[in-house]
Each structure stands twice: as structure tokens, then as C-alpha cells.
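Quick notes on the structure that follows.
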Amino acid sequence: MKWIELIKSILEILKLDRKSTFVVAMVCSALLAFKGIIEKHFNAQYFYSHFEMFVLIIALVMWSILISDAFLFFKSKFDSKREIRIRHKFLSKLSGRKLEIVSNMYLDDEHSEYLKQGDSDVLALEQSGIILKTAKFAILDAYNMGEINNPPFPYTLQPWVVDYFDHHKGKIKSNEND
């Protein structure tokens with residue numbers, strides 16, 4: 001039973017936040033780096049003869065956790081920038097009805113519009129992350145009661161799309177004149 005408790009307490013170390021992990025890694029590394037000075041001035045031969053390997057293992061585990069966290073952070077940054085480049089390329093290649101839908105929404109003050117959910121262009125824009133459906137239920141009234149199978153839903157442009165067209169107004173103006 002004591003081994004199970006020991007293993008549980010060792011595994012709790014892996015749940016530390018980054019700041020605490022860094023502190024533990026630095027303390028363990030300092031204990032190992034300044035071994036000669038600590039043994040000489042603080043008479044710590046007993047500590048190092050019994051716990052040096054344990055301190056080394058903890059230092060290696062903590063540094064590996066920090067390095068893997070840094071790697072994952074930079075990988076997620078790279079992936080998000082790559083995703084933005086892909087989406088910007090998709091926006092720059094918009095044409096036809098898809099560009100008309102996006103430009104009408106962009107030119108609206110609220111950057112939103114009621115669109116039919118079953119429209120293939122609307123579905124393509126929604127799946128590519130350009131527009132976002134803002135309601136789960138459509139409001140049926142006397143004006144759109146005939147469209148009960150394909151009612152219009154409120155959609156809005158994603159903020160990154162608005163920023164893109166703020167910087168690339170020529171794409172909208174060329175469509176606006178058509």
C-alpha cells in the first residue's frame with residue numbers, strides 16, 4: 001500500500017502548472033549543478049548519496065515536460081497561422097454567388113443576413129468558417145411561411161472575414177459594381 005501512495009504522490013508532480021514545473025526543474029538543476037559547493041559548505045554528502053538519482057530523474061522529467069509544452073505551443077501557433085493563410089486564400093478565390101453573399105453581408109452594418117440553410121453556397125461558406133449561424137431555430141411568420149422546409153436563418157460574418165475585407169476592399173468593390 002505504501003508503494004501505491006508513493007506512486008500517487010509522484011504522479012501529482014506531473015499535474016503542476018508551468019510556473020511550478022519551471023521552479024522545480026530549476027531547483028533540481030541547481031542542486032545538481034552546484035553539488036560540489038553544496039557538499040563542501042553544507043555537509044550534504046548524505047543527501048547526495050541517497051537522493052541524487054531521484055533529483056536527477058525529477059529534473060529530467062520536469063525539463064522534458066517544459067520542452068514538450070513549448071513544442072506544443074509553437075506547433076499550435078504554426079497550425080493556426082497556416083489555417084489563417086488557407087482561409088485567406090479561400091476568401092481571395094471566392095467568386096459568383098458565394099462572393100455575392102459575403103459582400104452583401106460585409107456591406108451590411110451588422111455584417112449579418114438571413115439566408116436559407118439548405119442553400120449549397122451557404123452550406124459551403126458555413127463549413128469553411130466564413131459565416132456563422134447565430135440561431136438554432138428559424139422564426140416562421142406570415143412572410144416566410146411558404147418556406148417551411150427551408151426557412152431563412154440569421155447568419156453573420158466571422159470577425160476575421162470582416163478584418164480581411166477591411167484590408168482588401170478591392171475584392172468587395174469589384175463585386176459591388178456588378
Side-chain angles (χ1 to χ4, degrees), residues 10-26 28-29 57-141 143-178:
I10 290 173
L11 290 177
E12 286 295 319
I13 293 173
L14 299 177
K15 295 181 182 177
L16 295 175
D17 60 296
R18 284 190 189 105
K19 190 182 214 180
S20 301
T21 303
F22 180 72
V23 169
V24 170
M26 288 300 294
C28 290
S29 298
I57 290 170
I58 289 177
L60 290 175
V61 168
M62 292 297 129
W63 282 113
S64 63
I65 289 171
L66 288 171
I67 289 170
S68 67
D69 282 349
F71 174 75
L72 291 174
F73 172 76
F74 288 119
K75 183 183 179 306
S76 68
K77 282 286 211 189
F78 174 76
D79 289 346
S80 67
K81 287 187 185 268
R82 184 174 54 89
E83 184 68 29
I84 289 172
R85 280 196 309 269
I86 289 170
R87 288 183 176 192
H88 281 192
K89 188 181 289 186
F90 182 81
L91 273 178
S92 68
K93 292 181 179 179
L94 277 181
S95 62
R97 185 151 188 291
K98 291 178 189 172
L99 179 61
E100 180 183 335
I101 291 170
V102 172
S103 64
N104 287 342
M105 291 176 80
Y106 176 76
L107 295 173
D108 184 44
D109 290 336
E110 296 173 358
H111 304 297
S112 63
E113 190 173 331
Y114 278 88
L115 302 169
K116 293 185 180 182
Q117 182 180 9
D119 188 353
S120 62
D121 293 329
V122 172
L123 288 173
L125 290 171
E126 184 178 9
Q127 287 177 347
S128 63
I130 293 175
I131 61 174
L132 177 69
K133 184 169 37 170
T134 58
K136 292 184 180 184
F137 303 104
I139 299 172
L140 296 176
D141 55 13
Y143 296 110
N144 58 13
M145 197 59 166
E147 302 170 359
I148 197 163
N149 292 331
N150 192 14
F153 281 84
Y155 284 87
T156 186
L157 280 179
Q158 294 280 18
W160 66 270
V161 177
V162 174
D163 292 340
Y164 176 82
F165 283 120
D166 284 343
H167 293 94
H168 300 90
K169 291 201 185 271
K171 182 84 172 165
I172 293 294
K173 287 183 180 176
S174 66
N175 186 50
E176 189 178 346
N177 296 334
D178 291 343

Return the minimal non-hydrogen interatomic distance between [X] and [Y], and the atom names on each side.
X: Phe90; Y: Ser128; answer: CE2-OG, 3.5 Å
X: Leu125; Y: Lys98; answer: CD1-O, 4.0 Å
X: Leu123; Y: Gly118; answer: CD1-O, 4.2 Å
X: Val24; Y: Met62; answer: CG1-CG, 3.6 Å

Give, for atom [atom1] of [X] and atom [atom2] of [Y], the distance between the pair rounded to the nearest 0.5 Å.
X: Glu100; Y: Ser95; atom1: CD; atom2: OG; result: 11.5 Å
X: Ser112; Y: Tyr106; atom1: OG; atom2: OH; result: 14.5 Å
X: Asp119; Y: Glu126; atom1: CG; atom2: CD; result: 11.5 Å
X: Leu91; Y: Leu99; atom1: CG; atom2: CG; result: 9.5 Å

Problem - Asp163: salt bridge (charged side-chain N to carboxylate O under 4.0 Å, His left out) partners, not counting sequence neighbours - result: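 With neighbours one apart ignored, the set is empty.
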
Practice task
Please list, chain by chain and in numerical order, all residues satisfying salt bridge (charged side-chain N to carboxylate O under 4.0 Å, His left out) with Asp79, sequence neighbours excluded.
Solution key: Lys75, Arg82

Do [X] and [Y] have side-chain heavy atoms sitting under 4.5 Å apart?
X: Leu157; Y: Asp108; result: no
X: Met105; Y: Leu115; result: yes
X: His111; Y: Tyr155; result: no
X: Trp63; Y: Phe22; result: yes
X: Val102; Y: Phe165; result: yes

Can you sort out the partners of [X] under side chain to side chain donor-acceptor pair (under 3.5 Å), two or more places apart, ordered by chain and number?
X: Thr156; answer: none
X: Glu83; answer: Arg87
X: Asp109; answer: none
X: Ser20; answer: Asp17

Exercise for the section: For the residue pair His88 and Trp160, categorise the inter-ring angle as parallel (less than 30°), tilted (30 to 60°) or perpendicular (more than 60°). Expected result: parallel

Practice task
Report yes or no: does Ser92 contribute a side-chain atom to a donor-acceptor pair with the main-chain N or O of Lys89 at less than 3.5 Å?
Solution key: yes

